[in-house]
Amino acid sequence: MAFWSSTSVFTSKVPRKILFMFTLSLSVTYLFYSLMSCYNSLQFPLQENYLYQGRLVTEETTFVTLREKLYSTSPQGYLDEELTEATVSEKAIALSDIRDNVEAEQKTVEWVRTQAPTKAALVYHSTALEKEHQEFSTTDSELRMNCTSDYGEKKLPQAIIIGVKKGGTRALLEALRVHPDVRAVGNEPHFFDRNYEKGLDWYRDLMPSTLDGQITMEKTPSYFVTNHAPKRIHTMARDIKLIIVVRNPVTRAISDYTQTLSKKPEIPTFEVLAFKNRTLGLIDASWSALRIGIYALHLESWMQYFPLSQMHFVSGERLIVDPAGEMAKVQDFLGLKRIVTDKHFYFNKTKGFPCLKKPEDSSTPRCLGKSKGRTHPKIDPDVIRRLHKFYKPFNMMFYQMTGQNFEWELEEGTVSLGSRD
């Protein structure tokens, strides 16, 4: 009996202790591995995020790749893709950390797009841009239009140089771009006359990013003579400021012809194109080179939508002889401090008009290209006299409408071989 009693105690107490220790050991081991698993899952998104941001700033990664990586889907889609191989429990732990980093990633990508001078810029050819504008998703479009406050945002223009062709619009734009509070598109967008169907989002995306206090501008001289441009611009922004550079319409017409002649040497002479019947003195006002110069006709369309207080007329002649004086008036009109002054200009004797002095970070002056400053062909003085007579009543009407006398009649008979484009 004693034997069986002692055996019973052994089998009842000792195994229970062993079982308890074994169970406790398993529990600790399980807890240890669970904690290690959680630690790895928590570290994964941070490591991935760090590595991914590192790739953003390398020259080998193009912006197209970044767009496909970040913006092809919503942020939630991006999170799901990163966690495809994670377990259900790991996803629940990791998602919150990744969401905290999405905003930081988006800001980093925005910086790369707007600031970093990498190989990514080479990806954007004009044809690819047009296709890309049409294929943007709603999320992508909003991200492109709304940059961070640190680097500005793209806005629709608050001022437009709407005309006139061969009046001096390029010279004016280049002088305005010297001003630190002006950001302008270099090329002519032709939105309101040729690309209107592409929409305002497309138009806005062409604009440079601006900071608070800066003005967004563009110039397309053909707007002034486009019938539907006034209404379209008014629909976009009824308080926009409009700048019109005008020039003696006779000189302007010859300059226009000179430009066309340089591209198409086979065209008829200026005298042939200017008249329907030269013997009878019938001017061909349907010829675009002459029709553009009927400023009063075109201005009437604009005054149906905009008051004169929102328009500023720049004398193309005075822009040549006194660029600083004309720039002072333009800066006042735009509400800018007079920063562009006579110290920014010098007269280029070869071209026959002022050029901007070289910036401190440039070795050459900023002068207009070879297409500017062409010598005009010699025109029959009788043709010039007849054109002045033709334009005179329209000029008088234009003076009355604008309240400015440009004194073009004083130049009658002075257009000769020495004139320049």
Side-chain angles (χ1 to χ4, degrees), residues 157 159-190 208 215-225 241-260 262 289 292-293 295 311-334 336 338-359 362 364-376 404 406 408 411 415 418-421:
I160 303 178
I161 301 174
I162 61 172
V164 297
K165 180 183 178 184
K166 309 310 298 178
T169 57
R170 173 56 61 181
L172 177 63
L173 182 70
E174 291 304 313
L176 278 171
R177 293 175 77 180
V178 174
H179 200 292
D181 291 334
V182 173
R183 297 296 310 278
V185 184
N187 296 327
E188 297 174 2
H190 285 281
I215 294 177
T216 304
M217 291 189 65
E218 71 115 318
K219 78 107 178 170
T220 304
S222 55
Y223 290 162
F224 187 65
V225 297
K241 294 184 177 182
L242 307 173
I243 299 176
I244 306 99
V245 187
V246 291
R247 184 182 183 187
N248 185 324
V250 178
T251 311
R252 196 222 67 81
I254 296 174
S255 178
D256 199 336
Y257 171 79
T258 303
Q259 183 182 54
T260 305
S262 68
I292 290 173
Y295 302 138
M311 302 183 199
H312 180 73
F313 299 90
V314 177
S315 168
E317 288 81 13
R318 289 196 290 269
L319 189 60
I320 293 175
V321 299
D322 183 20
E326 286 300 299
M327 286 303 301
K329 298 175 185 177
V330 173
Q331 290 172 96
D332 290 346
F333 171 69
L334 294 175
L336 299 170
R338 291 188 179 184
I339 291 179
V340 183
T341 61
D342 53 0
K343 69 180 181 181
H344 290 90
F345 300 95
Y346 79 97
F347 189 81
N348 187 306
K349 294 181 180 179
T350 303
K351 286 185 171 290
F353 53 73
C355 293
L356 291 166
K357 292 181 180 179
K358 65 180 182 179
S362 174
T364 57
R366 291 174 57 184
C367 216
L368 300 181
K370 296 180 180 180
S371 63
K372 309 297 181 182
R374 302 186 189 94
T375 300
H376 291 174
Q404 298 181 47
F406 294 92
W408 291 322
E411 302 175 30
V415 181
S419 299
R420 290 184 179 273
D421 180 3

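Note that the structure is a prediction, hence the values are computed from the model and not measured. The chain is numbered in sequence order, starting from 1.
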**Study point:** Donor on one side chain, acceptor on other, Tyr223 and Glu188, under 3.5 Å
**Key:** no

Check your understanding: Any donor and acceptor pair, going by atom type alone, linking the side chain of His344 with main-chain N or O of Thr341 inside 3.5 Å?
Key -> yes

Review point. Does the side chain of Leu172 come within less than 4.5 Å of Val330's, by heavy atoms?
Key: yes

Review point. Going through the distances and angles, do His312 and Leu242 end up as a side chain to side chain contact (heavy atoms under 4.5 Å, CB included)?
Key: CA-CA 6 Å; His312 180 73; Leu242 307 173; over 6 Å; no

Practice item. Determine the minimum heavy-atom distance between Val340 and Ala175, stating which atoms define it. Key: CG2-O, 3.7 Å

Practice item. Run the numbers on Lys165 and Asp256 for side chain to side chain contact (heavy atoms under 4.5 Å, CB included), then give the verdict. Key: CA-CA 8 Å; Lys165 180 183 178 184; Asp256 199 336; 3.2 Å; yes

Point to revise | Val164 side chain reached by Arg247 side chain, heavy atoms, under 4.5 Å | key: no

Practice item. Starting from the C-alpha separation in whole Å, work towards a yes-or-no answer on side chain to side chain contact (heavy atoms under 4.5 Å, CB included) for Val245 and Phe224. Key: CA-CA 10 Å; Val245 187; Phe224 187 65; over 6 Å; no

Study note, to complete from the structure: To the nearest 0.5 Å, atom OG1 of Thr169 lies from atom CD1 of Ile244 at 12.0 Å

Exercise for review: Considering non-hydrogen atoms only, spot the tightest contact between Ser255 and Lys166 and give its length.
Suggested key: OG-CE, 3.3 Å

Review point. Quick one: does Arg170's side chain have a donor or acceptor within less than 3.5 Å of a partner on Lys219's backbone?
Key: no

**Study point:** Residues in salt bridge (Lys or Arg N to Asp or Glu O under 4.0 Å) contact with Glu317, at least two apart in sequence or another chain
**Key:** none

Check your understanding: Given side chains that start at C-beta, do those of Pro208 and Val185 come closer than 4.5 Å, heavy atoms only?
Key -> yes

Exercise for review: Sequence neighbours left out, what passes side chain to side chain contact (heavy atoms under 4.5 Å, CB included) with Pro323? Give chain and number order.
Suggested key: Phe345, Pro354

Practice item. Answer whether the closest heavy-atom distance between the side chains of Lys329 and Phe313 falls below 4.5 Å. Key: no

**Study point:** Audit row: Ile160, Met217, side chain to side chain contact (heavy atoms under 4.5 Å, CB included) steps and yes/no
**Key:** CA-CA 6 Å; Ile160 303 178; Met217 291 189 65; over 6 Å; no

Review point. Is any side-chain heavy atom of Val314 closer than 4.5 Å to a side-chain heavy atom of Ile243?
Key: yes

Review point. CG/Leu356 to CD/Glu174 distance, rounded to the nearest 0.5 angstrom?
Key: 7.5 Å

Practice item. Please tell me if the side chains of Arg252 and Tyr295 come closer than 4.5 Å, counting only heavy atoms from C-beta onward. Key: yes

Review point. Mind checking what makes side chain to side chain contact (heavy atoms under 4.5 Å, CB included) contact with Lys241, not counting sequence neighbours?
Key: Ala159, Phe333, Leu334

Revision key, fill the gap. So CD of Glu218 and CD1 of Ile162: to nearest 0.5 Å the spacing works out to 10.5 Å

Check your understanding: Are the side chains of Thr251 and His376 in touch, meaning some heavy atoms are under 4.5 Å apart?
Key -> yes

Exercise for review: Taking Ser315 for its side chain and Arg318 for its backbone only, find out whether a donor-acceptor pair lies under 3.5 Å.
Suggested key: yes

Point to revise | Pairwise distance CG(Asn248) to CZ(Phe406) - rounded to 0.5 angstrom | key: 11.5 Å

Review point. Taking C-beta and beyond as the side chain, do Thr220 and Pro189 meet within less than 4.5 Å on heavy atoms?
Key: yes

Check your understanding: Rounded to the nearest 0.5 Å, how far apart are CG of Leu176 and CD1 of Ile215?
Key -> 9.0 Å

